[in-house]
Protein chains: 2
Amino acid sequence: MASADGGPATIETIARRAGVSIASVSRVLNGLGGRPDTVRKVQAAATELGYVPNAMARSLRGGRSGQIAFAMEDIGNPVYVAMVRRIQAVAREAGFRLLLHSTGADREEELRALRSLADRHTEGLIISPIRITQDHLDELRRAVAPVVVIGSLPEGIALDNVRVDSRVGAAMAVAHLAGIGRRRIGFLNGPLDTVPGQARHQGYLDGLGTADLPVDEELVEFGEFRTDSGADAALRLLERVPDLDGLFCANDLIAVGALRALREAGRRVPDDVAVVGMDDTELARVTWPTLTSVGLGSARRGELAAELLVDRLGEGRDREPRWVSVTPELVARESTRS
Amino acid sequence: MASADGGPATIETIARRAGVSIASVSRVLNGLGGRPDTVRKVQAAATELGYVPNAMARSLRGGRSGQIAFAMEDIGNPVYVAMVRRIQAVAREAGFRLLLHSTGADREEELRALRSLADRHTEGLIISPIRITQDHLDELRRAVAPVVVIGSLPEGIALDNVRVDSRVGAAMAVAHLAGIGRRRIGFLNGPLDTVPGQARHQGYLDGLGTADLPVDEELVEFGEFRTDSGADAALRLLERVPDLDGLFCANDLIAVGALRALREAGRRVPDDVAVVGMDDTELARVTWPTLTSVGLGSARRGELAAELLVDRLGEGRDREPRWVSVTPELVARESTRS
DNA sequence: TTGTAGGCGTTATCAT
DNA sequence: ATGATAACGCCTACAA
């Protein structure tokens with residue numbers, strides 16, 4: 001029952017009702033003892049009034065909001081869904097609520113998310129930016145609360161950081177395609193001015209080198225990390241390189257678009273063109289043919305990031321920044337089955 | 001620059017620095033006028049100190065946290081992703097931060113989400129439960145802050161509510177299958193003790209009736225609203241009803257599982273078995289064949305729910321509860337192409 | 001064991 | 001126009 005006297009019950013309401021001071025109420029409610037008699041009266045009053053402590057007052061007083069935030073590009077990308085899921089679980093476990101920032105990869109939005117730490121509504125932030133500008137670095141440096149970055153950071157940034165070497169992952173993809181005898185291996189990349197775009201491009205070149213395949217700029221197309229963009233890019237590539245027999249896509253969304261484009265263009269997968277995606281999202285199991293993809297441990301990265309943050313907000317307040325990493329793993333499916 | 005004197009800058013710090021009272025600082029910072037001279041001094045001090053108002057203090061004082069929450073079953077389901085996306089957008093637009101509760105369809109978790117409104121860390125809640133127990137109703141009734149329910153509510157509950165008639169949607173699916181000449185139309189449903197499970201079951205029966213097809217209990221299988229469960233159910237159904245030629249799945253996840261099972265069982269889609277899903281999620285465009293699905297406007301429902309909540313937290317504080325609904329829409333794709 | 005009182009950082013009221 | 005002061009609800013010395 002809410003109190004009849006207007007607003008919700010407060011320790012003051014309870015104190016009056018129980019005939020004790022607010023201090024006693026607070027103590028009892030926080031299990032700090034008291035005379036049995038007092039305890040009983042307070043608990044009775046609290047129950048009758050349906051008392052629930054005001055989280056805002058607690059936060060203000062305690063200097064801790066009990067909230068952390070996760071900023072990502074777009075929850076529409078299954079990679080982030082996987083991350084959010086695990087982050088949510090770890091956060092809840094540790095008693096934190098989770099806030100979501102969808103930035104749309106907009107630089108301003110990302111910076112806003114970082115800056116918003118300053119108002120202390122959130123105790124810490126996990127951020128996964130695909131571009132890292134000087135502004136980002138400045139803002140990261142002057143962040144007033146712990147930040148964990150998912151994604152590769154330049155040397156010398158003293159921040160908790162969860163990374164995965166997607167350059168190696170990309171090379172694995174190319175090696176896999178070369179391994180099943182493909183010679184004309186195309187690459188559908190995202191924007192080259194993004195961290196993943198850059199790394200995967202390097203990895204693609206590495207992979208070609210290792211497989212002793214010539215580098216041919218004709219084989220590379222750029223677009224956004226999205227399905228529609230992937231389909232368009234695939235069509236452009238097919239037009240230009242009719243004898244394509246392998247295709248590495250910089251993420252699963254692009255790969256899904258590519259599969260569609262290939263089908264529309266009458267190419268069989270994997271017989272004519274074998275395809276490899278990246279991120280090993282849930283999508284990879286749903287397409288037809290199912291998609292071979294290089295997993296980058298997104299769920300695991302989310303989990304690790306959350307654990308780092310939670311630790312730093314508790315025990316590990318003053319520890320050195322930690323850089324942890326996850327190993328890419330190729331999961332072979334029908335799209336490269338010989 | 002943060003102030004050197006320990007903690008972050010407060011209006012107090014600024015006041016000292018500018019040589020005015022905290023009241024003046026507050027006024028200037030909130031644009032409530034002041035002598036040009038004073039304004040200048042305060043603004044200068046605030047900038048130099050890198051002042052950012054403490055959100056917790058503001059919330060406590062103002063009685064508003066600027067936060068709303070969304071509670072859903074599992075962010076892994078694309079239906080909720082679509083909702084979250086729009087909710088996030090509307091919330092941000094209105095100046096609210098968004099908190100996420102993943103309940104795993106656990107009754108206790110859902111109730112906890114509802115009860116957590118009591119601590120005022122959140123101003124309102126959007127909840128999308130698939131089961132509505134008496135406990136839910138009790139808790140909804142005594143909720144201390146505005147709640148918007150996405151999903152059908154029993155009569156007589158005075159709450160903002162966004163619904164879609166998935167019974168009609170299910171009937172549309174069956175009608176569509178019958179319309180392309182299918183006679184043995186199976187149904188893979190979720191649990192019958194859920195609101196959607198119940199409604200879709202009714203709709204399935206409605207559809208058969210309208211198409212003058214006999215009701216045959218053999219044609220119905222139950223499972224969870226998940227892909228793996230859908231695959232299992234499909235196999236059971238195929239075993240029992242070899243002459244199946246149409247299949248309605250209670251959501252896209254089930255349908256994705258069914259498509260896989262059908263392929264493994266050597267049935268061609270749509271030639272042997274035509275398939276219709278429900279929710280028209282992003283998955284429907286990604287499968288092969290692409291999936292005909294009955295859209296239930298999940299993005300739109302999320303948007304409407306957020307708008308209702310935001311309105312009630314502002315202008316519409318005292319208006320009557322509103323029930324808005326969205327119309328199902330069948331999107332035909334390859335899985336039912338004749 | 002208990003109560004009084006101060007303070008967390010704001011905003012808003014009320015004199016001046 | 002400005003400053004002192006009282007809340008908002010909670011926790012916690014400190015004093016009794």
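Note on naming: letters A, B, ... go to the chains in the order of the sequence lines (proteins, then strands), and numbering restarts at 1 for each one. The structure presented is a predicted model; accordingly, all values stated were derived computationally and were not measured.
- Between C:dC8 and B:N54, no contact under 4.0 Å exists linking OP1 or OP2 to a side-chain N or O.
- Summarising the geometry, the separation between CD on B:E12 and C1' on D:dT5 is reported as 13 Å, rounded to the nearest angstrom.
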Go through it in stages, so that I can follow the logic: the residues are A:D74 and B:R85, the test is salt bridge (Lys or Arg N to Asp or Glu O under 4.0 Å), and I'd like the CA-CA distance, side-chain angles, deciding distance and then a yes or no. CA-CA 8 Å; A:D74 172 22; B:R85 250 178 158 168; 2.6 Å; yes
Evaluate salt bridge (Lys or Arg N to Asp or Glu O under 4.0 Å) for A:R115 paired with A:E108, printing each intermediate quantity in order. CA-CA 10 Å; A:R115 279 195 275 260; A:E108 270 317 311; 3.6 Å; yes
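- The distance between atom CZ of B:R120 and atom C1' of D:dC10, rounded to the nearest whole Å, is 12 Å.
- In this structure, the CE atom of A:M56 is 24 Å from the P atom of C:dG7, given to the nearest Å.
- Phosphate proximity of D:dT2 to B:R27: absent, as no side-chain N or O sits under 4.0 Å from OP1 or OP2.
- Taking side-chain N and O atoms only, A:T10 has no distance below 4.0 Å to OP1 or OP2 of D:dG9.
- At the heavy-atom level, A:S26 lies under 4.0 Å from base atoms of the strands shown.
- Of the N and O atoms on the side chains of B:D138 and B:Q134, at least one donor lies less than 3.5 Å from an acceptor on the other residue.
- For D:dC11, its base sits under 3.5 Å from the side chain of A:R61 at one donor and acceptor pair at least.
- Spacing between atom CD1 of B:I11 and atom P of C:dA12 amounts to 11 Å, rounded to whole angstrom units.
- If you take NZ of B:K41 and C1' of D:dT2, they are 11 Å apart, rounded to a whole angstrom.
- With the nearest nucleotide of DNA chain D identified for both A:I22 and B:V28, B:V28 has the one nearer the 5' end.
- With salt bridges taken as basic N to acidic carboxylate O contacts below 4.0 Å, none links B:R86 and B:E307.
- When each of B:L32 and B:A57 is assigned the nucleotide of DNA chain C bearing its nearest heavy atom, the one mapping closer to the 5' terminus is B:A57.
- For the OP1/OP2 pair of D:dG9 and a distance below 4.0 Å, the side-chain nitrogens and oxygens of A:R58 include no atom meeting the criterion.
- Proximity of B:R35 to the phosphate of D:dT2: a side-chain N or O atom is located under 4.0 Å from OP1 or OP2.
- As rounded to whole Å, 19 Å separates atom P of C:dC8 from atom CG of A:D119.
- Taking atom CG on B:L60 and atom P on C:dT11, their separation rounds to 12 Å, with Å as the unit.
- In this structure, B:S152 contributes its side chain and B:R163 its backbone to no donor-acceptor pair below 3.5 Å.
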